[in-house]
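The model shown is predicted, which means the values in this text are computed figures rather than measured ones.
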Amino acid sequence: MCATDSRDYTLDISEPLFRLTTEGIRLHSNETLHHRTLSELIDQRAPLTAKIKSHDKSTIKQHFTSIPSGGDIRIHLTISDSSAMNLDNAKELLGVVLDSEVSLADALSALLFDYVV
């Protein structure tokens, strides 16, 4: 991936969300039989962000209550432009579903939630 077709992000996430990221990486690595990164998992799952609509509002709210997004653990991601656009779309979709402002970390959390469940 060259610099012109990727985006870099720095997110400060909670410990529960950090644990969800590592669980997602573990599952994705086992599924593909290759050691994977969070960026690779996001690039693979981001096209499926519309699936977030399949979870009802109360399930998503319960997820965010159990796994808050913001915190003190800093992570760095480099993902494809298309994945970044898909995460932005997921962020907008979640905002509509929840009728509230959501962060990029929230969109990441919802994407990982959908993958793990």
Side-chain angles (χ1 to χ4, degrees):
M1 188 179 338
C2 69
T4 59
D5 65 356
S6 65
R7 292 190 206 169
D8 295 322
Y9 294 96
T10 299
L11 301 172
D12 293 322
I13 63 172
S14 68
E15 182 178 340
L17 180 52
F18 178 81
R19 291 181 186 280
L20 181 60
T21 66
T22 60
E23 181 63 12
I25 294 165
R26 183 189 70 79
L27 291 172
H28 187 50
S29 294
N30 286 341
E31 179 182 354
T32 62
L33 299 177
H34 289 71
H35 286 275
R36 298 296 182 182
T37 66
L38 181 57
S39 295
E40 290 172 323
L41 174 57
I42 293 168
D43 283 340
Q44 192 264 334
R45 297 296 299 178
L48 307 173
T49 55
K51 286 182 57 185
I52 291 169
K53 291 188 294 195
S54 68
H55 301 287
D56 63 54
K57 182 178 181 175
S58 64
T59 301
I60 295 170
K61 281 186 169 190
Q62 186 176 18
H63 166 71
F64 287 141
T65 299
S66 300
I67 301 180
S69 298
D72 297 331
I73 300 172
R74 181 157 287 174
I75 63 170
H76 303 279
L77 300 169
T78 300
I79 59 175
S80 70
D81 276 340
S82 62
S83 292
M85 287 187 292
N86 285 327
L87 276 179
D88 287 340
N89 291 339
K91 185 177 154 187
E92 289 177 28
L93 177 65
L94 282 169
V96 169
V97 168
L98 299 174
D99 193 30
S100 65
E101 187 76 22
V102 297
S103 68
L104 187 64
D106 292 330
L108 172 62
S109 182
L111 178 87
L112 292 169
F113 168 74
D114 183 68
Y115 178 62
V116 171
V117 297

- Task: Would you check if Glu31 and Arg26 make a side-chain contact, meaning some heavy-atom pair closer than 4.5 Å?
- Result: no
- Task: Supply the members, apart from Leu33, of the Ile/Leu/Val/Met/Phe/Trp/Tyr cluster built from side-chain contacts under 4.5 Å; use none for a lone residue.
- Result: none
- Query: Any idea which heavy atoms bring His34 and Thr32 closest together, and the distance?
  - Reply: ND1-O, 2.8 Å
- Message: Using side-chain heavy atoms (C-beta onward) and a distance below 4.5 Å, is Phe64 in contact with Leu98?
- Response: yes
- Note on the structure: For Val117, the other hydrophobic cluster members (4.5 Å side-chain criterion, sorted by chain and number) are Phe113
- Using the side chain to side chain contact (heavy atoms under 4.5 Å, CB included) rule, take Ile75 and Thr10 through it: C-alpha gap first, then chi angles, then the decisive distance, then the call. CA-CA 6 Å; Ile75 63 170; Thr10 299; over 6 Å; no
- Query: Out of curiosity, Ser6 OG to Asp81 CG, how far, rounded to the nearest 0.5 Å?
  - Reply: 6.5 Å
- Step by step, work out the salt bridge (Lys or Arg N to Asp or Glu O under 4.0 Å) result for Asp43 and Arg36. CA-CA 11 Å; Asp43 283 340; Arg36 298 296 182 182; over 6 Å; no
- Query: Sequence neighbours excluded, which residues qualify as side-chain hydrogen bond (donor to acceptor under 3.5 Å, both in side chains) partners of Asp12?
  - Reply: Arg74
- What one should report as the nearest heavy-atom pair of Ser14 and Gly70 is CB-O, 3.4 Å
- Message: According to a hydrophobic-cluster definition based on side-chain heavy atoms being under 4.5 Å apart (Ile, Leu, Val, Met, Phe, Trp, Tyr only), do Leu41 and Val116 belong together?
- Response: yes
- Given side chain to side chain contact (heavy atoms under 4.5 Å, CB included), test Thr37 with Ile25 step by step and report yes or no. CA-CA 6 Å; Thr37 66; Ile25 294 165; 5.9 Å; no
- Residue pairs involving residues 105-117 (criterion salt bridge (charged side-chain N to carboxylate O under 4.0 Å, His left out); sequence neighbours excluded): Arg45-Asp114, Lys51-Asp114
- Are Leu77 and Ile73 co-members of a hydrophobic cluster defined by side-chain heavy atoms under 4.5 Å apart? yes
- Query: Looking at Ala105 and Ile13, what are the two nearest heavy atoms and their distance?
  - Reply: CB-CG2, 4.2 Å
- Message: Between Leu108 and Ile42, is the side chain to side chain contact (heavy atoms under 4.5 Å, CB included) condition met? List the steps.
- Response: CA-CA 8 Å; Leu108 172 62; Ile42 293 168; 3.6 Å; yes
- Message: Minimum heavy-atom separation for Arg7 and Asp88, please, with both atom names.
- Response: NH1-OD2, 3.5 Å
- Query: Hey, what do you get for CG (Leu11) to CG (Leu38), rounding to the nearest 0.5 Å?
  - Reply: 9.0 Å
- Task: Not counting sequence neighbours, which residues clear side-chain hydrogen bond (donor to acceptor under 3.5 Å, both in side chains) with Asp99? List them please.
- Result: none
- Item | side-chain contact (heavy atoms from CB on, under 4.5 Å) partners of Leu93, counting only residues at least two apart | Ile52, Lys53, Val97
- Query: Using a distance-only test with no angle check, is there a side-chain donor-acceptor pair under 3.5 angstrom linking Glu23 and Tyr115?
  - Reply: no
- Item | Residues that Thr22 engages under side-chain hydrogen bond (donor to acceptor under 3.5 Å, both in side chains), provided they are two or more places apart | none
- Query: Of all residues at least two apart in sequence or in a different chain, which pass the side-chain contact (heavy atoms from CB on, under 4.5 Å) check with Glu92?
  - Reply: none
- Message: Quick check on Gln62: does its CD atom have over 12 non-hydrogen neighbours (other residues, nucleotides or ligands) under 6.0 Å away?
- Response: no
- Taking side-chain contact (heavy atoms from CB on, under 4.5 Å) as the test, write out the residues that go with His35, two or more places apart. none
- Item | Results of side-chain hydrogen bond (donor to acceptor under 3.5 Å, both in side chains) for Gln44 - residues two or more places apart only | none
- Side-chain contact, heavy-atom cut-off 4.5 Å: Glu101 with Leu94? no
- Strictly by modelled atom types, are Asn86 and Ser83 linked by a side-chain donor-acceptor pair under 3.5 Å? no
- Should we count CZ of Phe18 as having more than 12 external heavy atoms under 6.0 Å? no
- Query: Is it true that atom CG of Asp72 has more than 12 heavy atoms of other residues, nucleotides or ligands lying nearer than 6.0 Å?
  - Reply: no
- Message: My understanding is that only residues two or more places apart in sequence, or in another chain, count here; which of them pass side-chain contact (heavy atoms from CB on, under 4.5 Å) with Ile67?
- Response: Pro16, Leu17, Leu20, His63, Ser109
- Task: Could you note down all residue pairs passing ring-ring contact (aromatic ring centres under 6.0 Å, His included) where residues 70-103 supplies at least one of them, sequence neighbours left out?
- Result: none
